[in-house]
Asker: 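Structure below; questions to follow.
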Amino acid sequence: MNVIFARMQIAFSEKELFIFKKIAKAAEKLQLPCYLIGGFVRDKILNRPTKDADIMCVGDGIELAHNVAELFNPKPPVAYFKNFGTAQIKLPDLELEFVGARKESYEHDSRKPAVEPGTLEDDLLRRDFTINTLAVELNKKNFGNIIDRFEGIKQLREKIIKTPSEPAKTFSDDPLRMLRAVRFATQLGFIIEAETFNAISLNAERIKIISQE
(Lines give C-alpha, C1' and ligand atoms only; values in the text may rest on other atoms or scores of the structure.)
Protein backbone atom coordinates (compact mmCIF):
# COMPACT_ATOMS: atom_id res chain seq x y z
CA MET A 1 0.00 0.00 0.00
CA ASN A 2 1.22 3.49 -0.81
CA VAL A 3 1.00 4.87 2.72
CA ILE A 4 0.87 8.64 3.08
CA PHE A 5 1.90 10.18 6.38
CA ALA A 6 0.19 13.46 7.20
CA ARG A 7 2.35 16.34 8.38
CA MET A 8 0.39 17.14 11.48
CA GLN A 9 -0.11 15.92 15.02
CA ILE A 10 -3.31 15.26 16.94
CA ALA A 11 -3.47 16.79 20.40
CA PHE A 12 -4.52 14.03 22.78
CA SER A 13 -5.46 14.83 26.36
CA GLU A 14 -3.30 13.38 29.13
CA LYS A 15 -5.96 10.78 29.91
CA GLU A 16 -6.29 9.78 26.25
CA LEU A 17 -2.53 9.53 25.89
CA PHE A 18 -2.34 7.37 29.03
CA ILE A 19 -4.94 4.99 27.57
CA PHE A 20 -3.42 4.85 24.09
CA LYS A 21 0.03 4.11 25.53
CA LYS A 22 -1.45 1.08 27.30
CA ILE A 23 -2.96 -0.08 24.01
CA ALA A 24 0.46 0.38 22.39
CA LYS A 25 2.04 -1.77 25.10
CA ALA A 26 -0.50 -4.56 24.62
CA ALA A 27 -0.12 -4.43 20.84
CA GLU A 28 3.66 -4.65 21.18
CA LYS A 29 3.34 -7.73 23.39
CA LEU A 30 1.11 -9.41 20.79
CA GLN A 31 3.20 -8.06 17.88
CA LEU A 32 0.11 -6.65 16.19
CA PRO A 33 0.01 -3.55 13.97
CA CYS A 34 -2.52 -1.34 15.76
CA TYR A 35 -4.32 1.87 14.82
CA LEU A 36 -6.73 4.45 16.20
CA ILE A 37 -9.12 4.90 13.31
CA GLY A 38 -12.29 6.51 12.02
CA GLY A 39 -14.58 9.00 13.72
CA PHE A 40 -12.41 9.68 16.77
CA VAL A 41 -9.53 10.79 14.54
CA ARG A 42 -11.86 12.86 12.35
CA ASP A 43 -13.46 14.62 15.31
CA LYS A 44 -10.12 15.32 16.99
CA ILE A 45 -8.88 17.07 13.86
CA LEU A 46 -12.13 19.05 13.70
CA ASN A 47 -11.89 19.89 17.43
CA ARG A 48 -15.23 18.22 18.08
CA PRO A 49 -15.84 16.50 21.45
CA THR A 50 -15.73 12.73 21.20
CA LYS A 51 -15.80 9.90 23.74
CA ASP A 52 -15.76 6.82 21.47
CA ALA A 53 -12.49 5.49 20.04
CA ASP A 54 -12.23 2.70 17.46
CA ILE A 55 -9.09 0.58 17.72
CA MET A 56 -8.25 -1.56 14.69
CA CYS A 57 -5.48 -4.13 14.64
CA VAL A 58 -4.21 -6.43 11.91
CA GLY A 59 -5.04 -9.55 13.87
CA ASP A 60 -7.41 -10.55 16.68
CA GLY A 61 -9.19 -7.49 18.07
CA ILE A 62 -10.79 -9.47 20.91
CA GLU A 63 -7.43 -10.80 22.07
CA LEU A 64 -6.01 -7.28 21.99
CA ALA A 65 -8.92 -5.96 24.09
CA HIS A 66 -8.36 -8.62 26.78
CA ASN A 67 -4.64 -7.79 26.90
CA VAL A 68 -5.39 -4.07 27.19
CA ALA A 69 -7.81 -4.69 30.07
CA GLU A 70 -5.08 -6.55 31.98
CA LEU A 71 -3.02 -3.34 32.08
CA PHE A 72 -5.61 -1.39 34.09
CA ASN A 73 -6.15 -1.49 37.84
CA PRO A 74 -8.94 -2.12 38.55
CA LYS A 75 -9.34 -4.29 35.46
CA PRO A 76 -12.35 -3.17 33.39
CA PRO A 77 -14.76 -5.77 32.00
CA VAL A 78 -14.44 -6.70 28.33
CA ALA A 79 -17.65 -7.15 26.37
CA TYR A 80 -16.91 -9.18 23.28
CA PHE A 81 -18.90 -10.53 20.36
CA LYS A 82 -17.22 -13.49 18.68
CA ASN A 83 -19.60 -13.55 15.73
CA PHE A 84 -18.56 -10.02 14.80
CA GLY A 85 -14.96 -10.20 15.99
CA THR A 86 -15.39 -7.07 18.10
CA ALA A 87 -14.80 -6.17 21.75
CA GLN A 88 -15.61 -3.18 23.92
CA ILE A 89 -14.07 -1.65 27.02
CA LYS A 90 -15.88 1.18 28.80
CA LEU A 91 -13.59 3.48 30.76
CA PRO A 92 -14.71 6.52 32.80
CA ASP A 93 -13.67 9.00 30.09
CA LEU A 94 -13.51 6.91 26.95
CA GLU A 95 -15.30 3.98 25.34
CA LEU A 96 -12.98 1.71 23.33
CA GLU A 97 -14.15 -0.51 20.48
CA PHE A 98 -11.68 -3.14 19.23
CA VAL A 99 -11.82 -4.92 15.88
CA GLY A 100 -9.48 -6.81 13.60
CA ALA A 101 -8.78 -5.46 10.11
CA ARG A 102 -11.22 -6.97 7.65
CA LYS A 103 -12.51 -6.92 4.13
CA GLU A 104 -16.15 -7.23 3.12
CA SER A 105 -18.20 -8.52 0.21
CA TYR A 106 -21.93 -7.99 -0.33
CA GLU A 107 -24.87 -9.81 -1.91
CA HIS A 108 -27.14 -7.56 -3.97
CA ASP A 109 -30.23 -8.08 -1.80
CA SER A 110 -28.55 -7.47 1.57
CA ARG A 111 -26.44 -4.81 3.27
CA LYS A 112 -24.98 -7.41 5.65
CA PRO A 113 -21.51 -8.26 4.33
CA ALA A 114 -19.55 -11.48 4.30
CA VAL A 115 -16.48 -10.65 6.39
CA GLU A 116 -12.97 -12.11 6.38
CA PRO A 117 -9.66 -11.01 7.89
CA GLY A 118 -7.87 -8.34 5.89
CA THR A 119 -5.01 -5.89 5.76
CA LEU A 120 -4.88 -2.21 6.70
CA GLU A 121 -5.55 -1.44 3.03
CA ASP A 122 -8.64 -3.69 2.98
CA ASP A 123 -10.00 -2.08 6.13
CA LEU A 124 -9.52 1.47 4.87
CA LEU A 125 -11.15 0.67 1.53
CA ARG A 126 -14.30 -0.73 3.18
CA ARG A 127 -14.98 2.53 5.02
CA ASP A 128 -17.70 4.90 3.91
CA PHE A 129 -15.96 8.26 3.39
CA THR A 130 -12.40 9.52 3.06
CA ILE A 131 -12.79 11.63 6.19
CA ASN A 132 -13.30 8.38 8.11
CA THR A 133 -10.25 6.57 6.68
CA LEU A 134 -7.66 8.44 8.75
CA ALA A 135 -5.60 6.18 10.99
CA VAL A 136 -3.18 7.00 13.81
CA GLU A 137 -0.47 4.43 14.49
CA LEU A 138 -0.41 3.22 18.08
CA ASN A 139 2.62 0.93 17.90
CA LYS A 140 5.56 2.15 19.94
CA LYS A 141 7.93 2.66 16.97
CA ASN A 142 5.62 5.03 15.05
CA PHE A 143 3.25 6.13 17.81
CA GLY A 144 1.19 9.14 16.72
CA ASN A 145 1.90 8.97 12.97
CA ILE A 146 -1.21 9.74 10.92
CA ILE A 147 -1.83 7.56 7.87
CA ASP A 148 -3.82 9.44 5.24
CA ARG A 149 -4.24 7.08 2.29
CA PHE A 150 -7.20 8.84 0.66
CA GLU A 151 -6.52 12.55 1.30
CA GLY A 152 -8.92 12.56 4.22
CA ILE A 153 -7.25 15.58 5.83
CA LYS A 154 -7.53 17.51 2.56
CA GLN A 155 -11.25 16.71 2.39
CA LEU A 156 -11.69 17.75 6.02
CA ARG A 157 -10.06 21.09 5.26
CA GLU A 158 -12.11 21.55 2.09
CA LYS A 159 -15.29 20.30 3.83
CA ILE A 160 -16.02 17.57 1.29
CA ILE A 161 -17.84 14.24 1.63
CA LYS A 162 -16.32 11.69 -0.76
CA THR A 163 -16.06 7.90 -0.84
CA PRO A 164 -12.66 6.15 -0.84
CA SER A 165 -13.96 3.52 -3.28
CA GLU A 166 -16.13 3.89 -6.40
CA PRO A 167 -19.23 5.67 -5.02
CA ALA A 168 -21.91 3.78 -6.95
CA LYS A 169 -20.60 0.45 -5.62
CA THR A 170 -20.17 1.93 -2.12
CA PHE A 171 -23.85 2.91 -1.94
CA SER A 172 -25.17 -0.15 -3.75
CA ASP A 173 -23.33 -2.41 -1.28
CA ASP A 174 -24.64 -0.57 1.78
CA PRO A 175 -27.41 1.96 1.04
CA LEU A 176 -27.33 3.21 4.65
CA ARG A 177 -24.17 5.06 3.66
CA MET A 178 -26.32 7.40 1.56
CA LEU A 179 -28.11 8.57 4.70
CA ARG A 180 -24.76 8.85 6.49
CA ALA A 181 -23.48 11.09 3.70
CA VAL A 182 -26.43 13.44 4.15
CA ARG A 183 -26.10 13.33 7.95
CA PHE A 184 -22.39 14.18 7.88
CA ALA A 185 -22.94 16.95 5.35
CA THR A 186 -25.70 18.43 7.52
CA GLN A 187 -23.98 18.04 10.90
CA LEU A 188 -20.56 19.23 9.75
CA GLY A 189 -21.64 21.79 7.16
CA PHE A 190 -19.81 19.85 4.42
CA ILE A 191 -20.55 19.50 0.68
CA ILE A 192 -21.15 16.10 -0.93
CA GLU A 193 -18.72 15.78 -3.85
CA ALA A 194 -20.44 15.70 -7.28
CA GLU A 195 -19.69 12.09 -8.25
CA THR A 196 -20.67 10.92 -4.78
CA PHE A 197 -23.91 12.94 -4.90
CA ASN A 198 -24.78 11.53 -8.34
CA ALA A 199 -24.22 8.00 -7.05
CA ILE A 200 -26.71 8.70 -4.23
CA SER A 201 -29.30 9.77 -6.82
CA LEU A 202 -28.67 6.67 -8.95
CA ASN A 203 -28.96 4.31 -5.99
CA ALA A 204 -31.87 5.99 -4.19
CA GLU A 205 -34.15 2.98 -4.69
CA ARG A 206 -31.63 0.76 -2.86
CA ILE A 207 -32.62 2.46 0.41
CA LYS A 208 -35.59 0.05 0.52
CA ILE A 209 -33.38 -2.85 1.63
CA ILE A 210 -32.32 -1.25 4.90
CA SER A 211 -34.25 -1.72 8.14
CA GLN A 212 -36.98 0.87 8.56
CA GLU A 213 -35.67 1.85 12.01
Side-chain angles (χ1 to χ4, degrees), residues 1 3 10 12 15-44 50-106 111-150 152 164-165 170 173-174 176-177 180:
M1 180 175 68
V3 176
I10 293 179
F12 295 128
K15 287 183 179 179
E16 289 166 348
L17 195 58
F18 174 77
I19 293 167
F20 296 147
K21 289 286 188 180
K22 286 191 179 294
I23 295 171
K25 184 175 180 179
E28 184 175 8
K29 175 186 174 184
L30 296 171
Q31 297 185 319
L32 295 178
C34 181
Y35 309 88
L36 176 63
I37 200 162
F40 186 90
V41 182
R42 177 198 69 229
D43 287 341
K44 274 290 179 180
T50 180
K51 294 291 185 180
D52 302 312
D54 291 330
I55 310 299
M56 185 270 288
C57 67
V58 184
D60 190 334
I62 294 175
E63 182 182 21
L64 177 60
H66 282 291
N67 276 263
V68 169
E70 292 288 344
L71 299 177
F72 286 89
N73 186 17
K75 177 183 172 182
V78 178
Y80 60 95
F81 312 91
K82 280 192 174 181
N83 289 345
F84 300 99
T86 63
Q88 186 182 74
I89 296 175
K90 292 185 178 182
L91 301 172
D93 300 296
L94 196 63
E95 188 170 307
L96 304 172
E97 184 92 18
F98 295 83
V99 68
R102 62 191 187 184
K103 53 184 174 181
E104 301 173 339
S105 57
Y106 291 82
R111 59 173 293 265
K112 295 180 180 179
V115 175
E116 59 182 292
T119 63
L120 171 62
E121 170 84 347
D122 294 325
D123 203 86
L124 295 180
L125 276 171
R126 77 177 178 81
R127 294 179 181 271
D128 50 9
F129 308 112
T130 59
I131 61 173
N132 294 330
T133 63
L134 296 165
V136 177
E137 292 195 75
L138 293 182
N139 296 96
K140 185 177 179 180
K141 182 179 178 181
N142 297 310
F143 186 90
N145 279 352
I146 302 174
I147 298 174
D148 185 4
R149 176 66 176 81
F150 300 100
S165 301
T170 295
D173 283 348
D174 186 355
L176 184 62
R177 291 169 176 162
R180 285 172 59 82

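Everything numeric in this text was worked out from a predicted model, so none of it was measured.
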Asker: Checking K22 side chain against L71 main chain: does a donor-acceptor pair fall under 3.5 Å?
Answerer: yes
Asker: Any idea which heavy atoms bring N139 and A27 closest together, and the distance?
Answerer: ND2-CB, 4.0 Å
Asker: Mark yes or no for whether D123, through its side chain, and R102, through its backbone, hold a donor-acceptor pair below 3.5 Å.
Answerer: yes
Asker: Decide whether N132 and R127 meet the rule of one side-chain donor and one side-chain acceptor closer than 3.5 Å.
Answerer: no
Asker: Salt bridge or not between K141 and E28? Use side-chain N to carboxylate O under 4.0 Å.
Answerer: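 Between E28 and K141 there is no salt bridge, as every charged N stays at least 4.0 Å from the carboxylate O atoms.
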Asker: Can you tell me how far the CG atom of L124 sits from the OG1 atom of T119, to the nearest 0.5 Å?
Answerer: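 OG1 of T119 is found 8.0 Å from CG of L124.
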Asker: Who are the side chain to side chain donor-acceptor pair (under 3.5 Å) partners of T130, not counting sequence neighbours?
Answerer: Q155
Asker: Mind running side-chain contact (heavy atoms from CB on, under 4.5 Å) on I23 and I55 for me, showing each step along the way?
Answerer: CA-CA 9 Å; I23 295 171; I55 310 299; 3.8 Å; yes
Asker: Sequence neighbours left out, what pairs pass side chain to side chain donor-acceptor pair (under 3.5 Å) with at least one residue falling in residues 53-68?
Answerer: K29-N67
Asker: Hey, what do you get for CG (N142) to OH (Y35), rounding to the nearest 0.5 Å?
Answerer: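 These two atoms lie 8.5 Å from each other.
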Asker: Can you tell me if F72 has over 12 outside heavy atoms packed within less than 6.0 Å of its CZ?
Answerer: yes
Asker: When rounded to the nearest 0.5 angstrom, what is the spacing between CG in L138 and SG in C34?
Answerer: 4.5 Å
Asker: Might you work through the side-chain contact (heavy atoms from CB on, under 4.5 Å) test for V99 and F84, ending with a clear yes or no?
Answerer: CA-CA 9 Å; V99 68; F84 300 99; over 6 Å; no
Asker: Provide the full list of side chain to side chain donor-acceptor pair (under 3.5 Å) pairs with a residue in residues 72-82, sequence neighbours left out, each pair given once.
Answerer: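 Listed by first then second residue: E70-K75.
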Asker: Answer yes when R180 and D128 have at least one side-chain N-carboxylate O distance shorter than 4.0 Å, and no when they do not.
Answerer: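 Between D128 and R180 there is a salt bridge, with a charged N closer than 4.0 Å to a carboxylate O.
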Asker: With a distance cut-off below 6.0 Å to the six-membered ring centre and an angular limit of 45° from the axis, does K44 pair with F12 as a cation-pi contact?
Answerer: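 The answer is no; the distance or angle limit is not met.
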Asker: side-chain contact (heavy atoms from CB on, under 4.5 Å), that's the test. Do V136 and I10 meet it? Break it down for me.
Answerer: CA-CA 9 Å; V136 177; I10 293 179; 3.7 Å; yes
Asker: Roughly how far, to the nearest 0.5 Å, is the CZ atom of R149 from the CD atom of E121?
Answerer: 5.0 Å
Asker: To the nearest 0.5 Å, tell me how far F18 CZ sits from D93 CG.
Answerer: 11.5 Å
Asker: Taking atom OG1 of T86 and atom CZ of F98, what is their separation to the nearest 0.5 Å?
Answerer: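 Between atom OG1 of T86 and atom CZ of F98 there are 11.5 Å.
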Asker: After noting the C-alpha distance and the side-chain angles of L120 and M56, does the key distance pass the side-chain contact (heavy atoms from CB on, under 4.5 Å) rule?
Answerer: CA-CA 9 Å; L120 171 62; M56 185 270 288; 3.4 Å; yes
Asker: Donor-acceptor check, side chain of T50 to backbone of F40, threshold 3.5 angstrom: yes or no?
Answerer: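 Between the backbone of F40 and the side chain of T50 there is no qualifying donor-acceptor contact (under 3.5 Å).
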